[in-house]
Amino acid sequence: MSFSPAPSASVGCSSVQEQRDRWGRKWSRTARELVQTEQRYCEKLELVTTYFVEILKAKGTLRQDIRESIFSSIKSIHSVNQSLLVHLENGYFGRGFEQFCPQLHHYNAYVDNIHNASKVLGVQMKKNKAFRRFKRLQEARPEFHNCKLEELLPLPIERIQQYKHFLQDLTENTTPDNPEFQQLSRAVRVVSEVSQRIQDNARSHENHLQLRRVQKLLKGRKTKVLAPGWYIREGWLKTVPPKGAEAKPKMFFLFSDVLLQAKRCSPLHPTNGDKFIGQHAYPLKDCTVDKVFGHTKSQGGLLSVTFPQAKLLLMSCDQEDINDWHQSLTSAICKLQSKSTVVHKRDELCRRPLHSASESTATTYITPGRKRNMVNGESSERAQSPSSSSSSSSGPAESKRMKLSDVAVESPPEPAGSSCVIL
């Protein structure tokens with residue numbers, strides 16, 4: 001009885017072929033799912049463009065600017081995706097996305113307007129009775145399958161995220177020698193940029209809502225937080241006085257550039273019982289944070305926060321809370337200082353002098369107004385007759401001229417070479 005082992009070359013070829021078969025199956029499954037979801041997506045886009053955009057334009061129920069604010073570029077998106085669907089149904093995935101990516105500026109416009117569209121739609125639903133009735137009748141059509149307009153408008157945003165995952169799966173299961181590999185790789189990069197734009201807009205919108213919420217919590221109009229800053233966190237901390245008095249609880253709001261300290265209004269106030277009064281706004285630019293105690297697993301901790309003009313001792317009985325505050329403050333300060341540190345390099349040897357050497361030794365700082373004219377007149381007289389100016393030294397006008405001449409100083413020489421100034 002003899003055994004004849006298979007050659008190693010044939011084993012290697014079979015394993016490579018099995019891997020390629022697995023790639024092919026995954027690619028086919030992803031491609032089939034992409035085509036099916038694209039068909040449903042185009043059907044829903046057609047519902048919006050046909051039963052809302054076109055009919056509203058024909059009836060004139062909404063003004064053109066309001067209609068564009070709500071629907072933005074959804075009609076152009078529908079047209080672009082219809083062309084993409086034709087390529088996908090015919091199996092030309094690389095070519096389809098290669099022609100689709102240059103049209104993504106329609107998606108960019110839609111992404112930037114989506115939050116404004118939701119806001120304008122809400123206003124029209126409250127104030128425009130005719131549009132409210134029209135919307136209810138259109139949504140009752142059997143084609144909508146009980147779908148609301150509010151559910152259809154975010155579809156392009158969601159579809160971009162789906163494209164990103166579909167394209168990544170297709171690229172991973174396509175061999176590099178395939179002609180579509182480069183086309184799909186470029187499509188992944190371009191679609192990922194739009195996806196990142198969506199995430200950035202969502203973060204900015206969420207931050208704006210947080211700033212508005214904090215602004216409503218603050219009583220009066222003196223404290224403004226609706227600035228180009230980022231909301232980080234808020235919470236109660238006890239401020240420890242330096243002279244050993246009783247620690248008082250204060251509400252702190254941490255932003256990317258400032259730490260805001262506030263106290264609660266009187267609960268007996270008829271309208272502002274749940275609001276706060278802003279007390280101090282501490283800029284984080286030149287701030288330092290040190291943990292006094294709370295390094296080990298204990299009950300609470302104490303932070304020392306030092307500003308150029310003040311120092312705070314902040315205490316909490318919650319160990320996790322004080323650690324979170326320490327990490328948030330440290331991170332915010334580091335990011336702010338890294339942005340504000342700008343290095344300017346200047347090289348005096350590369351600059352041409354603005355004046356000659358003789359002029360630079362007689363630079364005069366002149367006060368504006370009438371005295372400037374007097375000094376100009378004096379300098380011209382001295383240029384014409386130096387002896388006459390020295391002989392006439394009487395009278396109030398001459399005394400003023402003498403005082404102004406005493407103010408003349410020599411400009412300090414600038415150091416040669418190059419130097420770095422860190423602002």
Side-chain angles (χ1 to χ4, degrees), residues 6-46 48 72-74 76-114 151-206:
S8 60
S10 60
V11 175
C13 291
S14 61
S15 62
V16 171
Q17 185 62 36
E18 290 176 358
Q19 179 64 38
R20 289 181 177 178
D21 292 341
R22 282 195 297 269
W23 286 350
R25 289 192 296 269
K26 290 181 181 179
W27 194 95
S28 300
R29 185 169 58 250
T30 303
R32 183 170 57 252
E33 185 179 357
L34 174 58
V35 173
Q36 293 173 354
T37 54
E38 185 69 18
Q39 291 171 346
R40 293 193 294 267
Y41 173 60
C42 288
E43 290 174 359
K44 293 181 179 179
L45 288 181
E46 188 174 3
V48 178
S72 185
S73 57
I74 196 168
S76 301
I77 290 175
H78 179 224
S79 176
V80 169
N81 279 89
Q82 280 183 321
S83 301
L84 174 63
L85 179 59
V86 173
H87 286 91
L88 297 182
E89 289 176 339
N90 293 327
Y92 303 121
F93 291 86
R95 185 191 306 174
F97 278 102
E98 191 174 38
Q99 297 181 8
F100 172 76
C101 288
Q103 306 298 324
L104 280 175
H105 60 89
H106 298 300
Y107 275 88
N108 286 334
Y110 196 86
V111 166
D112 295 339
N113 184 70
I114 186 63
E151 301 172 5
L152 297 175
L153 288 180
L155 286 179
I157 310 296
E158 300 169 0
R159 191 58 179 169
I160 286 293
Q161 307 293 348
Q162 295 172 3
Y163 283 147
K164 179 182 176 181
H165 298 297
F166 279 130
L167 288 170
Q168 287 176 345
D169 291 343
L170 289 175
T171 306
E172 291 173 358
N173 295 287
T174 303
T175 56
D177 57 346
N178 193 305
E180 289 191 334
F181 180 80
Q182 295 297 332
Q183 297 172 332
L184 293 174
S185 300
R186 288 192 296 267
V188 170
R189 184 174 63 255
V190 177
V191 171
S192 298
E193 293 176 359
V194 183
S195 176
Q196 185 62 43
R197 186 176 187 142
I198 293 174
Q199 297 177 12
D200 294 342
N201 286 358
R203 285 185 64 243
S204 299
H205 181 68
E206 179 64 25

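The figures that follow rest on heavy atoms only: side chains count, while hydrogens, waters and symmetry mates do not.
- For the pair T37 (side chain) and L34 (backbone), a donor-acceptor distance under 3.5 Å is present.
- In terms of heavy-atom proximity, N113 sits nearest to S72 at ND2-CB, 3.6 Å.
- Contact check on D169 versus R29 returns no salt bridge, with no Lys/Arg side-chain nitrogen under 4.0 Å from an Asp/Glu carboxylate oxygen.
- How far CG of N178 is from CH2 of W23: 11.5 Å, rounded to the nearest 0.5 Å.
- At distances below 3.5 Å, at least one donor-acceptor pair connects side-chain atoms of Y110 with backbone N or O atoms of L153.
- In the model, Y107 has a side-chain atom that pairs as donor or acceptor with a side-chain atom of N81 under 3.5 Å.
- Each of E158, Q161, K164 was evaluated against I198; a single residue qualifies, Q161, per the side chain to side chain contact (heavy atoms under 4.5 Å, CB included) test.
- With rounding to the nearest 0.5 angstrom, the CD1 atom of I77 is 5.5 Å from the OH atom of Y41.
- Looking at every heavy atom in both residues, L88 comes nearest to V35 through O-CG2, 3.7 Å.
- The backbone N or O of V191 lies less than 3.5 Å from no partner atom in the side chain of S195, so there is not a single donor-acceptor pair.
- Rounding to the nearest 0.5 Å places CG of L84 at 9.0 Å from SG of C101.
- Within 6.0 Å of the CZ atom in R22, the count of heavy atoms belonging to other residues, nucleotides or ligands exceeds 12.
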Verdict with reasoning, E33 to F166, per side-chain contact (heavy atoms from CB on, under 4.5 Å): CA-CA 9 Å; E33 185 179 357; F166 279 130; 3.8 Å; yes

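- Q162 CD to I157 CD1: the interatomic distance, rounded to the nearest 0.5 Å, is 12.0 Å.
- Checked by atom type and distance alone, the side chain of N90 never pairs as donor or acceptor with a backbone atom of Y92 at under 3.5 Å.
- Residue L45 comes nearest to P156 through the heavy atom pair CD2-CG, 4.3 Å, listed as atom of the first residue, atom of the second, then distance.
- Note that the CG atom of D21 and the NZ atom of K26 stand 12.5 Å from one another [nearest 0.5 Å].
- Nearest heavy atoms, F93 versus A31: CZ-CB, 3.4 Å.
- Considering OG of S204 and CD of Q199, their distance stands at 12.0 Å, rounded to 0.5 Å.
- Checking side-chain atoms of S73 against main-chain N and O of H106 turns up a donor-acceptor pair under 3.5 Å.
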Test salt bridge (Lys or Arg N to Asp or Glu O under 4.0 Å) applied to E38 and R159, step by step: CA-CA 9 Å; E38 185 69 18; R159 191 58 179 169; 2.8 Å; yes

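- No donor-acceptor contact under 3.5 angstrom links the side chains of E46 and Q82, judged on distance only.
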